[in-house]
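We use all heavy atoms of the structure for the numbers below, so side chains are in, but hydrogens, waters and symmetry mates are not. When a ligand or atom number is given, it counts from 1 through the structure's own listing order. Throughout, residue positions are numbered sequentially from 1 according to the sequence presented.
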Amino acid sequence: MSGPNPPVAMTIAGSDSGGGAGIQADLKTFASHGVFGTSVITALTAQNTVGVRGISAVAPDFVAAQLDAVLDDLPVAAVKTGMLATPETVALVARYAPRLPALVVDPVLVASSGDRLFTADAERAYLELLFPHAAVVTPNLREASVLLGRDVLDADDAVKAAADLAAYGPRCVVVKGGHLRGSAEAVDAVWHDGQVTLLSAPWIDTANNHGTGCTFAAATAALLAGGSSLPDALSGAKSYVHSALVRSADWTLGSGHGPLAWGL
Ligand SMILES: Nc1ncnc2c1ncn2[C@@H]1O[C@H](COP(=O)(O)OP(=O)(O)O)[C@@H](O)[C@H]1O
Ligand SMILES: Cc1ncc(COP(=O)(O)O)c(N)n1
């Protein structure tokens with residue numbers, strides 16, 4: 001006898017040929033949470049732990065075909081967006097938003113290697129078209145800076161940025177502090193229902209941080225698909241990333257920023 005159906009989640013993101021981020025990180029994270037993962041691929045990247053060598057965006061019509069194929073057939077309970085690659089694809093996903101439950105938007109604009117993953121001038125499409133539909137948006141410090149057009153450099157800036165991004169309509173904003181060095185804690189600023197709180201975990205000293213943001217957003221979507229409340233999903237995702245970072249801290253896969261472990 002088989003058990004009950006697993007919850008189903010969807011990732012709408014880019015492929016990372018190096019396996020550390022994007023679709024590959026999302027599916028590992030869904031599976032680690034006992035969630036069945038579906039995937040709508042928006043772009044291929046030729047990428048490794050060192051950097052991004054090339055990007056080939058999928059035509060928006062074919063992104064739509066993938067969305068239709070999955071949504072017409074499978075009971076998707078939560079959705080995560082990662083690299084959307086072009087403003088046209090952001091607009092497309094926004095048009096599908098009424099069919100996308102528990103929408104976690106990770107506004108991937110720049111890889112941790114510093115390579116841009118989005119065409120210029122995409123900020124407005126994110127802010128005006130997609131953010132109003134999101135249950136939660138999860139920019140890192142650099143993405144918050146690009147979106148707001150000002151420096152977001154420290155914890156105080158992150159708190160202000162979370163409140164300012166909330167004005168665009170998402171139910172919750174997490175400004176992730178994974179690139180804030182020099183502190184014993186990795187602190188993220190969370191705006192939810194008009195209140196700002198901090199999400200904190202011990203800082204792990206490791207170069208293997210390629211895919212932390214994808215993993216955090218995918219874990220949040222997996223936990224939402226399983227029925228967690230938003231605050232529980234965010235704290236569960238934070239501890240999942242922390243424990244993955246601990247287990248892969250000393251790996252030497254690749255000569256750049258290596259990937260994270262997976263599994264619970
Ligand atoms: N070295 C680290 N130690 C502990 N937590 C980290 C570390 N690096 C990132 N995180 C956490 O991982 C999550 C993803 O953050 P971040 O790395 O800023 O995202 P991104 O990959 O989008 O740049 C956040 O919760 C952040 O605090
Ligand atoms: C296809 C793809 N999607 C997302 C990221 C961002 O991940 P990170 O910020 O950890 O480099 C990436 N590098 N590649």
- prompt: For atom 7 (C) of ligand 1, which candidate among V174, L141, L245 holds the nearest heavy atom?
  reply: L245
task: For ligand 1, note which part of P202 has a heavy atom under 4.0 Å away: side chain, backbone, both or neither.
output: backbone
- prompt: Under 3.5 Å, N or O to N or O, is M83 touching ligand 2 that way?
  reply: no
message: What protein heavy atom lies closest to atom 4 (C) of ligand 2? Include the residue and the distance to one decimal.
response: C214 SG, 3.6 Å
message: Restricting to non-hydrogen atoms, name the atom on A43 and the atom on M83 that form the minimum distance, rounded to 0.1 Å.
response: CB-CE, 3.9 Å
- prompt: Contact between G20 and ligand 2, counting heavy atoms under 4.0 Å?
  reply: no
statement: Within 4.0 Å of some non-hydrogen atom of V241, the atoms of ligand 1 are 12 (O)
query: What are the atoms of ligand 1, with element, lying closer than 4.0 Å to any heavy atom of D188?
result: 24 (C), 25 (O), 26 (C), 27 (O)
task: Distance to 0.1 Å, residue and atom name: give those for the protein heavy atom nearest to atom 9 (O) of ligand 2.
output: S112 N, 3.7 Å
statement: Restricting to heavy atoms, the pick from R142, Q47, E143 nearest atom 2 (C) of ligand 2 would be Q47
Residue, atom name and distance, where the atom is the protein heavy atom closest to atom 1 (C) of ligand 2: G14 O, 3.4 Å
message: Quick check on H242 - does any of its heavy atoms sit under 4.0 Å from an atom of ligand 1?
response: no
